[in-house]
Novice: 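One structure is given below, represented as structure tokens, and several questions about it will come after.
Side-chain atoms are counted along with the backbone in the values below, which use heavy atoms only and exclude waters and symmetry mates.
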2 protein chains.
Amino acid sequence: MAAVARLIGDPARANMLDAMLDAQAHSAGELATIAGVSAATASGHLRQLLDGGLVAVAAQGRHRYYRLASPEVARLLEGLMAVTAPLVTRHRATPRVPNALREARTCYDHLAGRLGIAITDTLVANGAVRIDDNNIAVTDHGRAWLGEMAIDLDAPRGWGRRPVCRPCLDWSERRPHLAGVLGAALLERLLDRGWIARVDGSRAIRVTPPGAAELRRRFGYEPG
Amino acid sequence: MAAVARLIGDPARANMLDAMLDAQAHSAGELATIAGVSAATASGHLRQLLDGGLVAVAAQGRHRYYRLASPEVARLLEGLMAVTAPLVTRHRATPRVPNALREARTCYDHLAGRLGIAITDTLVANGAVRIDDNNIAVTDHGRAWLGEMAIDLDAPRGWGRRPVCRPCLDWSERRPHLAGVLGAALLERLLDRGWIARVDGSRAIRVTPPGAAELRRRFGYEPG
DNA sequence: GCGACCTTTTGGCCGCGAGCGAAATGTCAT
DNA sequence: ATGACATTTCGCTCGCGGCCAAAAGGTCGC
């Protein structure tokens, strides 16, 4: 247990892992810049993360692209943030995290932040999903509703057997939001409909002008 | 994020935290022995864990009793184990963890291991709780059934507002088991009915002779 | 092929922090 | 008060591991 925690415990490695939370692959050099260390140092860190089973690598030409080894690792990292956040903000009234991230961001492969919460709330109000305590389940009515969004939860999605819908604790809103296959499919659909877009090299999500209208109408989302 | 992970990343501190996963308070000297370090070193570690908000302390006479600061910390630790376990056992066919722990143990303040899974399965079969994907909810029928066990989920339980029932991933069985207020109440009831007992200074749980009969009849649990 | 580029390996420096013994602090028992 | 015990603080040593510059692998474009 200590071995895994030790890997995350170094600031440079933690920054790299945090960057990989966007579920996209990053080259070694890119991660070196993000971590603020030389390429040599970064390479050493990445080797450790690889040996520790926290990340996986895909060699492509002269680049080597690193990504988190599994959704479990992503969940672990978000869990760490959930424990960390209250400690940091305990003595600070002003939000320490950039507002763009609080507003809308990706959490591994699904949406989080105010936008993620707004969508979750709407699906609950619709009766599309049901939440008891901290648990989420998709209803039959929900499957039909999602069909209109061209989302078929029963379609094979490549990444083997994976829970259809899982709660994921949002560390900025302190509430669970949609994760699992449903969360991933929603993010994908919103992206390729052009309602939202990724922001440069950040996990932040930007709402496009056409997206603003659609998201307000369908999910009652108003930018904060 | 790195700060919290760094604290767990030291073997001595990890051992201490692991010991505290039984949700009981441990004196500083006891934790020093468990971690295999001197009292002076242990004191330093405990101070760090305290400053980091991972543990809380209660001074009682000349002893100082340490415990985990919150259930969230316990969840984080179990999450770490879930990521760690597969890495360790990947190249080992034989179980590395003592069988007593796989059989029945406490997981913070509820039951885990084969016994915990057996109880969870029975409650699902009864229709007392419902599991969708990885989510658990208590049904009305479940509340009545629990009433026969003298468990009232609506009774105030001291520890403020806390989810009635939460899934908790079992790192030895790789399946979710009952946690939350329900899990805690079940453990408490089984203990004070004398069906199970804590084992010395371990998280292992021993089934008593009268308990063996009751657990087989009610939950279909057969010792492995 | 050759040069440009990305990445990893090697070697060496250096600081953080884990470790202990000894002393100090605080608490209980008599 | 005095001694026994639990814990913390202090001062110190020492090794692990992060860091970089330089060199070595690989891969692509020309």
Novice: Would you compute the distance between atom OH of B:Tyr221 and atom CH2 of B:Trp195 and round it to the nearest 0.5 angstrom?
Specialist: 14.5 Å
Novice: Kindly say if B:Arg6 contacts the phosphate of D:dG17, meaning a side-chain N or O under 4.0 Å from OP1 or OP2.
Specialist: no
Novice: Whole Å only: how far is the CG atom of B:Leu50 from the P atom of D:dT7?
Specialist: 14 Å
Novice: CD1 of A:Ile205 to CD1 of A:Ile196: how many Å apart, nearest 0.5 Å?
Specialist: 4.5 Å
Novice: C:dT8, OP1 or OP2 - any side-chain N/O from A:Arg64 closer than 4.0 Å?
Specialist: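 For C:dT8, OP1/OP2 do have a side-chain N/O of A:Arg64 under 4.0 Å.
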Novice: For the helix from C:dG1-D:dC30 to C:dT30-D:dA1, what angle separates the axis at the start from the axis at the finish, each from five pairs, in steps of 10°?
Specialist: 30°
Novice: Any base atoms under 4.0 Å from A:Tyr66, or only sugar-phosphate, or nothing? Heavy atoms, all strands.
Specialist: sugar-phosphate
Novice: I need the CZ-P distance between B:Arg47 and C:dG19, as an integer number of Å.
Specialist: 17 Å
Novice: Looking only at heavy atoms, which two atoms of A:Ser70 and A:Tyr108 are closest? And how far apart?
Specialist: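 Nearest pair, atom of A:Ser70 first, then A:Tyr108: C-OH, 3.9 Å.
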Novice: Between protein and nucleotides 19-22 of chain D, what N or O pairs are separated by less than 3.5 Å?
Specialist:
from, atom 1, to, atom 2, distance (Å)
D:dC19, OP2, A:His45, NE2, 2.5
D:dC20, OP2, A:Ser38, N, 2.9
D:dC20, OP2, A:Ser38, OG, 3.2
D:dC20, OP2, A:Thr41, OG1, 2.9

Novice: Distance check, rounded to the nearest 0.5 Å: A:Thr120 atom OG1 versus A:Leu178 atom CG?
Specialist: 3.5 Å
Novice: Name all residues meeting the salt bridge (charged side-chain N to carboxylate O under 4.0 Å, His left out) criterion together with B:Asp18; count only those two or more places apart in sequence or in a different chain, and write none if there are none.
Specialist: B:Arg203
Novice: With sequence neighbours left out, what residues match B:Ala39 under side-chain contact (heavy atoms from CB on, under 4.5 Å)?
Specialist: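 Not a single residue meets the side-chain contact (heavy atoms from CB on, under 4.5 Å) criterion with B:Ala39.
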Novice: What are the two closest non-hydrogen atoms of B:Thr208 and B:Gly194, and how far apart are they?
Specialist: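 Closest approach of B:Thr208 to B:Gly194, heavy atoms only: OG1-O, 2.6 Å.
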Novice: How long is the line joining CG of A:Leu46 and C1' of D:dG17, in whole Å?
Specialist: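 Rounded to whole Å, this separation is 16 Å.
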Novice: Does the side chain of B:Gln48 get closer than 4.0 angstrom to OP1 or OP2 of C:dG17 through an N or O atom?
Specialist: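 B:Gln48 to C:dG17 OP1/OP2: no side-chain N or O under 4.0 Å.
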Novice: Does the protein touch nucleotides 24-30 of chain C at the base, only the backbone, or not at all? Give it as B, S and - per nucleotide, heavy atoms under 4.0 Å.
Specialist: ---BB--
Novice: Roughly how far, to the nearest 0.5 Å, is the CG atom of A:Leu111 from the SG atom of A:Cys107?
Specialist: 9.5 Å
Novice: Let me know the distance between CG of A:Leu49 and C1' of D:dG17, rounded to the nearest Å.
Specialist: 14 Å
Novice: Quick check: closest heavy atoms across A:Ala197 and A:Leu191, and the distance to 0.1 Å?
Specialist: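 Taking every non-hydrogen atom into account, CA-CD2, 4.0 Å.
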Novice: Just to be sure I understand the rule, does B:Glu30 reach a base, reach only the sugar-phosphate, or reach nothing, if contact means heavy atoms closer than 4.0 Å?
Specialist: nothing
Novice: CG of B:Leu31 versus C1' of D:dT7: gap in Å, rounded?
Specialist: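 Atom-to-atom, B:Leu31 to D:dT7, this comes out as 12 Å.
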Novice: Of all the heavy-atom pairs spanning A:Val55 and A:Leu50, show the shortest one and how long it is.
Specialist: O-CD1, 3.4 Å
Novice: In chain order, what residues pass the salt bridge (charged side-chain N to carboxylate O under 4.0 Å, His left out) check against B:Arg218, with sequence neighbours excluded?
Specialist: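 Here the qualifying residues are B:Glu214.
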Novice: Using a cut-off of less than 4.0 Å, is there contact between a side-chain N or O of A:His63 and OP1 or OP2 of D:dT27?
Specialist: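 So the side chain of A:His63 is outside the cut-off, no N or O lying under 4.0 Å from OP1 or OP2 of D:dT27.
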